[in-house]
Amino acid sequence: MPTLGSIHVVEDMIQADEENEAGLSKQVVNEIVGKWTNLYAFSKAMTEEVVRRFSKRTSLPCVVYRPSIIVPSHKEPTPQWIGNQNGPLKIMLSISLGIVHVVQARSTCRLDTVPVDMAANSLLAVIQDYVVHRKSNEPEVYHYTSSDWNPVNLKMIYEGYSAVAEKYPSEKLVWYPFTFFVNNFYLFAVLHTLFHVIPAVLVDLYLIMKRKSPMGTKLLLAIGKNHDVLQRFMNGDWTIKADKVKRLQRRMNAADSEQFPIDLSIIKWHDEIGEGLRISCRELLKDPAETLPAARRKYQRLKILHYTIYSIVVILFLYYLCGLAGNIFSTSV
């Protein structure tokens, strides 16, 4: 079993925290975490080491189960169910609401995701399969991933969300939804300032003038934190093999396959993504069906406003270029 972390790191952290009256600072903890994306990934690596050690001391069968990014359900308990806005859902909802317009990522990058109910089914199948077919007492690692089974990329996700955002817009729409995927950091920084930072500051200034609590920059920081966590996964173009789960899926009988589906090839991502956004707006954003006609009218008004402003900016820019070219030509003559 590949070991990602040493439990001695945690033991040293606990000892240092107990010896220091003020405890370990956040900066020191981040330096210790180092190569891991965040504390969540770090804690998972440490947990795998605990499982590895435990399995060597006991006869209890142990497995390490590694699902990829969890997204709303395929069927159970209801289609597109999700209990929170963690993972990519928060940033995708922000895109559909017209809040996020620039993402630092390549649109062709694969985003490895699995539905939450199929991940639970796969875990049950992995436990049964390992107990029946294990060849040693060493814990085995099972990956449950879509990147080599039924891959989906950011462009597919965005197109699915865009189509449904127009058909089933939210009443909480802030602006007409449009998004640029930018890989270059400096270009992203410029566009991020233009489309996110400046509007957030202007919104807060307006709210302060109205003697209301500012919320633009606070929302921007929350979305930015989610973006930073996902950024590594949106630029890595991962391909993670799920060969062991594929083999056990082929060994499952018809009854088990029907009751506990784990075959990711049956997922039609475009349909899943679109339906997921529609249900997320209704459940997480508390948009009842009665608000849909008003939301559609709002969507059309914002679309007209967006393209009007866009056209004015383009015309002014072309006018400036024509004036600049005329000055250069007259000077040369």
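For this chain, numbers begin at 1 and follow the sequence in order.
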- prompt: Given side chains that start at C-beta, do those of Val114 and Ile69 come closer than 4.5 Å, heavy atoms only?
  reply: no

task: To the nearest 0.5 Å, tell me how far Leu219 CG sits from Ser94 OG.
output: 6.5 Å

query: Is the backbone N or O of Leu248 less than 3.5 Å from a side-chain atom of Asp129, with the two atoms forming a donor-acceptor pair by type?
result: no

message: Assess whether a salt bridge exists between Asp148 and Lys246, defined as any Lys/Arg side-chain N lying under 4.0 Å from an Asp/Glu carboxylate O.
response: yes

field: Note, Met252 side chain near Ile262 side chain (heavy atom, < 4.5 Å)
entry: yes

message: When you measure from the side chain of Asp204 to the backbone of Met215, do you find a donor-acceptor pair of N or O atoms at a distance under 3.5 Å?
response: yes

- request: Give the C-alpha distance, both sets of side-chain angles, the deciding distance and a yes or no for ring pair (Phe, Tyr, Trp, His ring centres under 6.0 Å) between Phe188 and Phe180.
  value: CA-CA 9 Å; Phe188 168 76; Phe180 300 109; over 10 Å; no

- request: Please report the closest heavy-atom contact between Leu173 and Ser96, naming both atoms and the distance.
  value: CD1-O, 3.3 Å

message: Looking at every non-hydrogen atom in both residues, tell me the closest pair between Ser265 and Trp149 and how far apart they are.
response: N-NE1, 3.8 Å

query: Are any of the side-chain nitrogens in Glu166 or Arg296 under 4.0 Å away from the carboxylate oxygens of its partner?
result: no

- prompt: Looking only at atom types and distance, does a side-chain atom of Ser122 sit under 3.5 Å from a main-chain N or O of Met118, one as donor and one as acceptor?
  reply: no

query: Taking atom types as modelled, is there a side-chain donor on Thr108 or Asn153 under 3.5 Å from an acceptor on the other?
result: no

message: Is it the case that the side chain of Ser73 and the backbone of Thr78 share a donor-acceptor pair, with hydrogens and angles ignored and the cut-off at 3.5 Å?
response: yes

task: Flag the pair Glu48 and Lys44 as a salt bridge only when some basic side-chain nitrogen lies within less than 4.0 angstrom of an acidic carboxylate oxygen.
output: no

- request: Taking Ser170 for its side chain and Lys172 for its backbone only, find out whether a donor-acceptor pair lies under 3.5 Å.
  value: yes

statement: Heavy-atom nearest pair, Trp269 first then Ser146, reads CZ2-CB, 4.1 Å

- prompt: In the single-linkage hydrophobic clustering (I, L, V, M, F, W, Y; side-chain heavy atoms under 4.5 Å), do Trp175 and Leu202 co-cluster?
  reply: no

message: Do the side chains of Asp117 and Lys75 get close enough for a salt bridge, i.e. N-O under 4.0 angstrom?
response: no

- request: Let me know which of Asp243, Ile240, Val245, Val64 forms a side chain to side chain contact (heavy atoms under 4.5 Å, CB included) with His143.
  value: Ile240

- request: May I ask you to test the Pro115-Ile267 pair for a side-chain heavy-atom distance under 4.5 Å?
  value: yes

message: Would Lys244 and Tyr142 count as a cation-pi pair here, with the cationic atom under 6.0 angstrom from the ring centre and within 45° of the axis?
response: yes

message: Are Val100 and Phe195 packed together at the side-chain level, in the sense that at least one heavy-atom pair is separated by less than 4.5 angstrom?
response: no

- prompt: With side chains defined as the heavy atoms from C-beta onward, is the minimum distance between Arg301 and Leu305 less than 4.5 Å?
  reply: no

statement: Note: Tyr130 and Cys62 closest approach over all heavy atoms is CE2-O, 3.5 Å

task: Ignoring hydrogens and angles, tell me if any N or O in the side chain of Asn150 forms a donor-acceptor pair with the backbone of Ile266 under 3.5 Å.
output: no

message: Using side-chain heavy atoms (C-beta onward) and a distance below 4.5 Å, is Gln104 in contact with Phe185?
response: yes

- line: All heavy atoms of Phe178 vs all of His101, minimum pair found to be O-ND1, 2.8 Å

- prompt: Should Pro169 and Lys298 count as side-chain neighbours, where that means a heavy-atom distance under 4.5 Å?
  reply: no

